[in-house]
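Please read the structure below before turning to the comments.
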Amino acid sequence: MRLPLCLLLGSLTLTACGSDDPSPSQEAGRECNHPEGQIEYSAESELGYSPEALLDPLLGDHTCVWNWNDLSGRDISPANFSLPPGEASSTLRFELGAGPLLYGVDTRPGDGNGAFSGCASTAIFAPVKLELSTADGVLDDDFEFDVGLYLGKQLEGETRIDPNQLEGYAFSWVDSTWQDRGLFLSIRAENKRLAGELSQRADFQSGSLMTSTGAVTGSFTCD
């Protein structure tokens, strides 16, 4: 299942895109006036390159190294995790998904604290499909979601996944007051190399203050 397109990668959250109207900056009275539109795969963009130039070298099969992390020493928001720390070989197939490629403006506030400091740079949003498998048998599934293409030929994206897609995977926060937000798979690419991670996320509400935390349970790097 594909997620909505506007990936708010700075805050690691997702929000729905608008239609043909300018994208709001999420602060009253401020607007990012770059409308969304469709772009062809081989067309040059305002980023200085075409989607094809960034995505083509990444398409196909990759040999990766997967690491399950040791969470036993976490001082903040400790967690119970079923998988022992260690390394496993992994394979990843990266494909272009179905659907159009869109361009627009990432509408997150510029300073990360809700204060407006200008719109983020133009991004292209592309549907992709990942087939990901680890030699230890924990992970063997495919995932479809959207990634953002940014200045400097950078690629980033993430999707929430079902922990039941992983064999033998179990996670819980030691502090039961943390409200679990689920398990997320993220991917990024720079210099034609793919990498990513699995992370559990949670929130804690104390009066009007919302605190967030995360635990990276696994990560991978590819050749």
Side-chain angles (χ1 to χ4, degrees), residues 1-3 7-14 54-55 57-97 128-148 153-204 211-223:
M1 171 184 258
R2 287 182 55 198
L3 294 174
L7 287 166
L8 304 191
L9 297 167
S11 60
L12 292 175
T13 59
L14 297 170
L54 175 55
L55 292 171
L58 302 175
L59 298 178
D61 297 317
H62 300 262
T63 300
C64 312
V65 176
W66 188 280
N67 285 285
W68 296 110
N69 294 331
D70 184 359
L71 304 183
S72 60
R74 285 176 56 88
D75 296 325
I76 301 174
S77 308
N80 297 313
F81 185 42
S82 62
L83 298 177
E87 183 178 291
S89 60
S90 175
T91 58
L92 183 150
R93 183 169 181 81
F94 185 87
E95 299 177 351
L96 190 65
V128 299
K129 178 181 178 181
L130 302 184
E131 297 178 8
L132 188 56
S133 177
T134 56
D136 57 12
V138 176
L139 187 56
D140 185 12
D141 215 326
D142 55 78
F143 309 92
E144 295 183 37
F145 55 104
D146 296 306
V147 295
K153 292 192 176 182
Q154 298 181 46
L155 176 150
E156 297 180 61
E158 67 170 20
T159 185
R160 183 173 177 172
I161 67 173
D162 185 347
N164 292 324
Q165 292 177 270
L166 285 73
E167 186 69 29
Y169 183 100
F171 179 97
S172 63
W173 301 101
V174 171
D175 188 342
S176 60
T177 60
W178 287 99
Q179 302 170 15
D180 189 71
R181 291 201 290 117
L183 177 63
F184 291 80
L185 171 66
S186 65
I187 189 169
R188 62 186 181 277
E190 274 189 88
N191 300 321
K192 301 180 182 180
R193 298 190 65 181
L194 289 168
E197 63 186 35
L198 276 177
S199 59
Q200 295 279 165
R201 298 181 195 158
D203 295 325
F204 175 73
T211 303
S212 298
T213 190
V216 176
T217 56
S219 59
F220 67 92
T221 56
C222 302
D223 294 336

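Note: hydrogens, waters and symmetry copies are ignored here, and every other heavy atom, side chains too, is used.
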If you measure from [atom1] on [X] to [atom2] on [Y], what distance do you get to the nearest 0.5 Å?
X: Glu156; Y: Arg188; atom1: CD; atom2: CZ; answer: 8.5 Å
X: Glu158; Y: Ile187; atom1: CD; atom2: CD1; answer: 12.0 Å
X: Asp140; Y: Thr134; atom1: CG; atom2: OG1; answer: 7.5 Å
X: Lys153; Y: Leu55; atom1: NZ; atom2: CG; answer: 11.0 Å
X: Leu132; Y: Thr91; atom1: CG; atom2: OG1; answer: 7.5 Å
X: Asp175; Y: Thr213; atom1: CG; atom2: OG1; answer: 10.0 Å

Please report the closest heavy-atom contact between [X] and [Y], naming both atoms and the distance.
X: Leu183; Y: Pro163; value: CD2-CA, 4.0 Å
X: Ser133; Y: Ser90; value: O-OG, 2.8 Å
X: Arg181; Y: Arg160; value: O-CZ, 3.0 Å
X: Phe145; Y: Gly157; value: CE1-C, 3.9 Å
X: Ala202; Y: Trp173; value: CB-NE1, 3.4 Å

Is any side-chain heavy atom of [X] less than 4.5 Å from a side-chain heavy atom of [Y]?
X: Leu166; Y: Leu198; result: yes
X: Phe143; Y: Gln165; result: yes
X: Asn80; Y: Val174; result: yes
X: Thr217; Y: Leu83; result: no
X: Phe220; Y: Cys222; result: yes

Query - Heavy atoms of other groups near Glu167 CD, more than 12 under 6.0 Å - result: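 For Glu167, atom CD is not crowded (no more than 12 foreign heavy atoms under 6.0 Å).
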Query raised in the report: So, Ser82 side chain and Gly168 main chain: donor-acceptor pair closer than 3.5 Å or not?
Result: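 Side chain of Ser82 to backbone of Gly168: a pair is present.
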Query - N/O donor-acceptor pair under 3.5 Å between Arg93 side chain and Asp142 backbone - result: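 Not confirmed, Arg93 side chain does not pair with Asp142 backbone.
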Query raised in the report: Will you find, in the side chains of Arg201 and Ser199, an N or O donor that is under 3.5 Å from an N or O acceptor?
Result: yes
Report task. May I have the step-by-step check of side chain to side chain contact (heavy atoms under 4.5 Å, CB included) for Leu130 and Phe94, ending in yes or no? Result -> CA-CA 5 Å; Leu130 302 184; Phe94 185 87; 3.2 Å; yes
Throw together a table of side-chain donor-acceptor distances under 3.5 angstrom for residues 62-69, partners on residues two or more places apart or in other chains.
unit_1, atom_1, unit_2, atom_2, d
His62, NE2, Leu58, O, 2.6
Trp68, NE1, Asp136, OD2, 2.8
Asn69, ND2, Val216, O, 2.8

